[in-house]
Amino acid sequence: MEIQELKALIKETMREVLQEERLRLCQILIPYISDDEQRELEAEFGVPSDDAEDEVIDLTDWVRYGNKISQKSDKMSKIFGSK
């Protein structure tokens with residue numbers, strides 16, 4: 001096996017290991033709640049799908065391109081103070 005092939009194999013293996021460990025860490029950090037707790041939270045705060053559509057602002061383009069995009073709405077420019 002050549003050195004370049006060995007390096008590529010080691011890199012790929014390390015990526016896989018790091019990805020698995022990152023997923024494990026995420027699972028550890030996500031708090032567990034019981035079904036009763038979940039129902040209480042939904043009763044108090046509602047379910048995200050219950051939110052009105054006009055309350056949601058899609059900031060995907062703003063995050064990708066910053067102020068280089070044309071402002072989609074006055075709402076966004078008021079929130080971020082840019083025009």
Side-chain angles (χ1 to χ4, degrees):
M1 184 178 284
E2 290 199 26
I3 293 177
Q4 293 297 351
E5 291 175 352
L6 185 59
K7 283 182 179 180
L9 180 62
I10 292 171
K11 266 186 176 178
E12 183 60 31
T13 304
M14 290 301 298
R15 280 191 188 107
E16 290 173 5
V17 169
L18 289 172
Q19 183 178 16
E20 288 172 12
E21 291 302 315
R22 191 177 318 128
L23 289 173
R24 276 195 204 124
L25 179 62
C26 288
Q27 287 176 334
I28 291 169
L29 293 177
I30 295 173
Y32 172 80
I33 62 169
S34 68
D35 291 339
D36 292 336
E37 288 174 307
Q38 182 64 38
R39 279 192 290 276
E40 288 175 20
L41 290 170
E42 289 173 358
E44 187 171 342
F45 299 107
V47 180
S49 61
D50 293 344
D51 292 339
E53 190 65 35
D54 61 339
E55 293 179 14
V56 177
I57 299 172
D58 184 4
L59 296 175
T60 306
D61 290 336
W62 186 85
V63 171
R64 280 189 189 141
Y65 308 112
N67 289 331
K68 295 177 183 168
I69 62 167
S70 62
Q71 295 295 326
K72 285 187 173 184
S73 70
D74 289 333
K75 251 187 194 180
M76 191 184 306
S77 58
K78 286 178 187 173
I79 291 171
F80 295 103
S82 60
K83 260 222 167 194

Contacts of E42 that satisfy side-chain hydrogen bond (donor to acceptor under 3.5 Å, both in side chains) - sequence neighbours left out
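In terms of side-chain hydrogen bond (donor to acceptor under 3.5 Å, both in side chains), with neighbours along the sequence ignored, E42 is linked to Q38.
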Sorted by chain and residue number, the side-chain hydrogen bond (donor to acceptor under 3.5 Å, both in side chains) partners of D35 (sequence neighbours excluded) come out as none
Only pairs under 3.5 Å count here: list side-chain donor-acceptor contacts from residues 6-30, not counting sequence neighbours, and write none if there are none.
| from | atom 1 | to | atom 2 | distance (Å) |
| --- | --- | --- | --- | --- |
| T13 | OG1 | L9 | O | 2.8 |
| E21 | OE2 | R24 | NH1 | 2.4 |

If you draw a 6.0 Å radius around CD in E2, do more than 12 non-hydrogen atoms from other residues or ligands fall strictly inside?
no
